[in-house]
Amino acid sequence: MGAALYPDCVSVRYLSCGDTAFSVEFGNEITPEINGRVMALHAAIATARLPGVVETVPSMRALLVCYDPLSTSRADLEPEIAALIARGLPVGQASRRVTVPCCYDDPEFAPDLAEVAERTKRKPEDVIAAHLGSAFKVYVLGFMPGLAYIAGLDRGLYLPRRSQPRVRVPRSSVAIAMDMTTIYPFESPGGWHLVGRTPLWMFDQRREQPVFLAPGDALTFQRIDRKTFDRIAREVEAGTFDWNQLVTNR
Amino acid sequence: MTAQLKVVRAGLFDTLQDLGRRGFMALGMPTAGAMDRVALSLANALCGNPAGTAGLEIGVMGPDLLVEADSVRIALVGPLSASLVEAPDAAPKPLDSDRTHLLKRGQVLRVGMVEGSSTAYLAVAGGFALPPFMGSLSTYARAGVGGFEGRKLAAGDALPLAREHAPPGDEKKIGAPFDYGSGPVRVVWGPQDDYFSKRGRETFTGSEYRVSKEADRMGIRFEGPVIEHATPVDKGGADIISDGIAPGAIQVPGAGLPIVLLADRQTVGGYPKIATVASVDLPRLGRLLPGQSVRFAAVSVAEAEALRRDQDARLAKAIAGFQAARPPGGIDLVKLYEENLIDGVVF
């Protein structure tokens, strides 16, 4: 197949991650092109079946290459990866449009909304409007099963992470940090600012596809009130919710 | 009849773990797996199991297990105090750690306390008859997957055994305690050591760090001197574009204190990682208790790889050097008697 190739990459960095992994970094920003290279190398390594590679983990601008130091070494593996990149990485393409219902109104769901408003010098209602108006794209799943890093947040809402992460963030919390939003699939520690909550579960092992979101999804949030939240939450819990109504294929 | 181990009393945090769930980090699925790979491997080898067999990881205090099988061979590995086996018609007998034991139907194994370490392991010959989730029996409790119903054991649980009887063979013990090393924890700089000032890096390798109470299978939050970031934290110095997290990665959030990420670590994270624990020393990290202290010392990637290969060779040697578990200088008369081999034999 004559797929288009990404142009030669000027700034590939190989960063050490101990003796069982290294990171192949394609840049220091989040762009569809850089992420496309990451996903393409992820696929290319899987196809090449390099000996000693245990798995690879794509993220926004880097690919973590995990290896077994008992069957290969960094010195053997790095040149092979470099050769795959030099051969040219094919340009991929994406897919679905997804709507995620979100309740911003309950202070229990959005404990950081007021602080985000204050620090970005706007009213809470305008923070919500900016979140609803953002054109999001799912870049990477990670951190825990089903957690998606979703880029495209309105630049006006940029904030670094909290300096001290919370020990417990409730499941299905909708949060922002830097120019991204995310949805916590489980109760877990977390350092992002909580601005709302969805009644959906991002990971449900009872479903045939336990993970709802996929890399490449275009995503928008839809505002719901507490009553609607409670209704959908009951259906999700009972396993009767129709997830297909949230997805359009393009 | 199903062969099983019934949990009559639960320990504090006992989960089934193997060497980890590999191949699904891209879906955000953490590897989980044994915190102390060396001890689990020794326990499996004692039982004659393949290295990747799941065993019971015992956190702090072990469970009481009733044997509901004709017989089962178990191995206990780790610093366990005062494990006992009890039967309705016999006095309790102490069970040593770091060896196998043959248990019979109706006996209750009272696994002791883990002393001076956070983890010990119980393996059973033949392993547990449970369905793997995504190719592994490792319990990842945060998502409720793997192991026994995706959680730590509770009273009333019944762990199905793959074998109804123990396989034939003698009891074995570990020859000499495995040397985990005692100097500084070896680390490799990176992937984001350039996010820290020279002073910050020197603080990290020049100070003692104490395990805080926030230490679990996900990671260990250390207490000690604050590590300085290269760029002020309020200017984004503790934020990176999230990337994949290798086992043993040491992230340093804005507060400046290191967090070592272990078996249940997230697959991707956004705090800069000053260094990564060399895999040779991950089992040591997996044994640390709150209040214990460590220092960190940097080695190169090639040195870390060589250390790991050496550890693996030493592990293979330890396994090759297992000894028959019998009283010094003699045969195990009690065992002979229990096995009914003594009937008809004239001395």
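Residue numbers begin at 1 in each chain, while the letters A, B, ... track the order of the sequences.
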Visitor: If I take atom CG from residue A/Leu194 and atom CD from residue A/Glu115, how far apart are they, to the nearest 0.5 angstrom?
Guide: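 Spacing of CG (A/Leu194) from CD (A/Glu115) equals 10.5 Å.
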
Visitor: Can any side-chain N or O of B/Asn44 pair as donor or acceptor with the backbone N or O of B/Ser41 at less than 3.5 Å?
Guide: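 Answer holds: no.
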
Visitor: Return the option, out of A/Pro145, A/Gly18, A/Gly142, with the maximum number of heavy-atom pairs under 4.5 Å with chain B.
Guide: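 Result: the option with the highest number of such pairs is A/Pro145.
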
Visitor: Go through the atoms of A/Leu141 and report whether side chain, backbone, both or neither lie under 4.5 Å from a heavy atom of chain B.
Guide: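 Backbone plus side chain of A/Leu141, per the 4.5 Å heavy-atom cut-off to chain B.
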
Visitor: Counting heavy-atom pairs under 4.5 Å to chain B, which of A/Ser16, A/Ala148, A/Gly146 comes out on top?
Guide: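 Of A/Ser16, A/Ala148, A/Gly146, A/Ser16 has the most heavy-atom pairs under 4.5 Å with chain B.
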
Visitor: For A/Met178, is it the side chain, the backbone, both, or neither that has a heavy atom closer than 4.5 Å to a heavy atom of chain B?
Guide: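 Only the side chain of A/Met178 comes within 4.5 Å of chain B.
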
Visitor: Sort out for me which of A/Val211, A/Asn28, A/Leu63, A/Val140 touches chain B most, counting heavy-atom pairs under 4.5 Å.
Guide: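 The option with the most such pairs is A/Asn28.
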
Visitor: Can A/Phe221 and A/Phe136 be said to form a ring pair (Phe, Tyr, Trp, His ring centres under 6.0 Å), step by step?
Guide: CA-CA 9 Å; A/Phe221 288 92; A/Phe136 290 115; 5.6 Å; yes

Visitor: What residue, out of B/Gly190, B/Gly254, B/Gly270, B/Ala278, has the most heavy-atom pairs lying under 4.5 Å from chain A?
Guide: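 Looking at each of B/Gly190, B/Gly254, B/Gly270, B/Ala278 in turn, B/Gly270 comes out on top.
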
Visitor: Side chain, backbone, both or neither: which part of B/Phe24 has an atom under 4.5 Å from a heavy atom of chain A?
Guide: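 It is the backbone, since no side chain atom gets that close.
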
Visitor: Checking A/Arg171 against chain B: side chain, backbone, both or neither under 4.5 Å from a heavy atom?
Guide: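 Neither part, no heavy atoms under 4.5 Å.
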
Visitor: Relative to chain A, which of B/Ala304, B/Ser300, B/Ala246 shows the most heavy atom pairs under 4.5 Å?
Guide: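 Most heavy-atom pairs within the cutoff with chain A belong to B/Ala304.
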
Visitor: How far does CZ of A/Phe22 sit from OH of A/Tyr67, to the nearest 0.5 angstrom?
Guide: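 Between A/Phe22 CZ and A/Tyr67 OH, I get 7.0 Å after rounding to 0.5 Å.
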
Visitor: Looking at B/Gly244, B/Ala306, B/Pro191, which has the largest count of heavy-atom pairs under 4.5 Å with chain A?
Guide: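 Option with the top pair count is B/Pro191.
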
Visitor: Please determine if B/Lys273 forms a cation-pi arrangement with B/Tyr271, meaning its NZ or CZ atom is less than 6.0 Å from the six-membered ring centre and no more than 45° off the ring axis.
Guide: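 So B/Lys273 doesn't make the cation-pi contact.
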
Visitor: Testing B/Thr31, B/Asp18, B/Asp264, B/Thr15 one by one against B/Ser138 for a side-chain hydrogen bond (donor to acceptor under 3.5 Å, both in side chains), which residue passes?
Guide: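 Exactly one candidate clears the test, B/Asp18.
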
Visitor: With a 4.5 angstrom heavy-atom cut-off, could you sort out which part of A/Ser73 is near chain B: side chain, backbone, both or neither?
Guide: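 Its backbone and side chain both get close to chain B.
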
Visitor: Under a 4.5 Å heavy-atom cut-off, does chain A meet the side chain of B/Leu257, its backbone, both or neither?
Guide: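 Interface part for B/Leu257: neither.
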
Visitor: Determine the option with the most heavy-atom pairs under 4.5 angstrom with chain B, choosing from A/Glu187, A/Gln164, A/Gln205, A/Met180.
Guide: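 Answer, by heavy-atom pair count under 4.5 Å with chain B: A/Gln205.
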
Visitor: Using heavy-atom distances under 4.5 Å, tell me whether A/Pro185 contacts chain B through its side chain, its backbone, both, or neither.
Guide: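 No part of it gets close to chain B.
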
Visitor: Check whether B/Asp312 gets within reach of chain A through its side chain, its backbone, both or neither, counting any heavy atom under 4.5 Å.
Guide: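 Interface part for B/Asp312: side chain.
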
Visitor: Is it the side chain or the backbone of B/Glu214 that comes within 4.5 Å of chain A heavy atoms, both, or neither?
Guide: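 For B/Glu214, side-chain heavy atoms alone lie under 4.5 Å from chain A.
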
Visitor: If you apply the rule side-chain contact (heavy atoms from CB on, under 4.5 Å), what do you find for A/Val65 with A/Glu55, and how did you get there?
Guide: CA-CA 6 Å; A/Val65 179; A/Glu55 61 185 308; over 6 Å; no

Visitor: Which atoms of A/Leu147 come close to chain B, meaning under 4.5 Å heavy atom to heavy atom: side chain ones, backbone ones, both, or neither?
Guide: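 A/Leu147 has no heavy atom closer than 4.5 Å to chain B.
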
Visitor: If we ignore hydrogens and angles and just use 3.5 Å, is the side chain of A/Asn35 paired with the main-chain N or O of A/Ser59 as donor and acceptor?
Guide: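 At least one qualifying donor-acceptor pair exists.
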
Visitor: Check each atom of B/Ala255 against the heavy atoms of chain A and say whether the ones under 4.5 Å are side chain, backbone, both or neither.
Guide: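 Both backbone and side chain.
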
Visitor: Chain A heavy atoms under 4.5 Å from B/Asp194: which part of the residue, side chain, backbone, both or neither?
Guide: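 For B/Asp194, side-chain heavy atoms alone lie under 4.5 Å from chain A.
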
Visitor: I need the residue from B/Val268, B/Val280, B/Val188, B/Thr276 with the largest number of non-hydrogen atom pairs under 4.5 Å to chain A.
Guide: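 The option with the most such pairs is B/Val268.
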
Visitor: With chain A as the partner, which of B/Glu303, B/Met29, B/Gln192 has the greatest number of non-hydrogen pairs under 4.5 Å?
Guide: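 Result: the option with the highest number of such pairs is B/Met29.
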
Visitor: Between A/Val38 and chain B, with a heavy-atom cut-off of 4.5 Å, which part of the residue counts as in contact: side chain, backbone, both or neither?
Guide: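 It is neither, since no heavy atom gets under 4.5 Å.
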
Visitor: Between B/Ala143 and chain A, which part of the residue has a heavy atom less than 4.5 Å away: side chain, backbone, both or neither?
Guide: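 For B/Ala143, heavy atoms of backbone and side chain both lie under 4.5 Å from chain A.
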
Visitor: Between A/Asp112 and A/Arg166, does any NZ, NE, NH1 or NH2 come within less than 4.0 Å of an OD or OE carboxylate oxygen?
Guide: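 The answer is yes: the pair qualifies as a salt bridge.
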
Visitor: I'd like to know whether B/Leu261 forms a side-chain contact (heavy atoms from CB on, under 4.5 Å) with B/Gln266, so could you lay out the CA-CA distance, the side-chain angles of the two residues, the decisive distance to 0.1 Å, and finally the verdict.
Guide: CA-CA 8 Å; B/Leu261 296 164; B/Gln266 60 272 34; 3.9 Å; yes

Visitor: Using only atom types and a distance under 3.5 Å, with no angle test, would you say the side chain of A/Ser173 pairs donor to acceptor with the backbone of A/Val169?
Guide: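 Between the backbone of A/Val169 and the side chain of A/Ser173 there is no qualifying donor-acceptor contact (under 3.5 Å).
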
Visitor: Under 4.0 Å between a side-chain nitrogen and a carboxylate oxygen: does that hold for A/Arg61 and A/Glu25?
Guide: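 A salt bridge is present here (some side-chain N lies under 4.0 Å from a carboxylate O).
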
Visitor: Which one wins on heavy-atom pair count under 4.5 Å against chain B: A/Glu29, A/Met60, A/Arg161, A/His42?
Guide: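 Heavy-atom pair counts peak at A/Arg161.
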
Visitor: Please flag which part of A/Thr72 lies under 4.5 Å from any non-hydrogen atom of chain B: side chain, backbone, both or neither.
Guide: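 For A/Thr72, backbone heavy atoms alone lie under 4.5 Å from chain B.
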
Visitor: Select, from A/Ala21, A/Pro210, A/Pro160, the one with the greatest count of heavy-atom pairs under 4.5 Å involving chain B.
Guide: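 Top option by heavy-atom pairs under 4.5 Å: A/Pro160.
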
Visitor: Check B/Gln17, B/Arg287, B/Arg284 against B/Asp36 for a side chain to side chain contact (heavy atoms under 4.5 Å, CB included) and give me the one that passes.
Guide: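 Passing option: B/Arg287.
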
Visitor: Just so I understand: if I count every heavy-atom pair under 4.5 Å between each of B/Ser279, B/Ala249, B/Gly269 and chain A, which residue has the most?
Guide: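 Sorted descending by pairs with chain A, the first entry is B/Ser279.
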
Visitor: Checking A/Arg207 against A/Trp243: charged group under 6.0 Å from the ring centre and within 45 degrees of the axis?
Guide: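 Yes, A/Arg207 sits over the ring of A/Trp243.
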
Visitor: Is any NZ, NE, NH1 or NH2 atom of the basic residue among A/Arg155 and A/Asp179 found under 4.0 Å from an Asp or Glu carboxylate oxygen of the other?
Guide: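 Looking at A/Arg155 and A/Asp179, the cut-off is met.
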
Visitor: For B/Arg221, is it the side chain, the backbone, both or neither that has a heavy atom under 4.5 Å from a heavy atom of chain A?
Guide: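 For B/Arg221, side-chain heavy atoms alone lie under 4.5 Å from chain A.
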
Visitor: So B/Phe296 and B/Phe204, ring pair (Phe, Tyr, Trp, His ring centres under 6.0 Å) or not? Walk me through it.
Guide: CA-CA 7 Å; B/Phe296 299 101; B/Phe204 171 65; 4.8 Å; yes

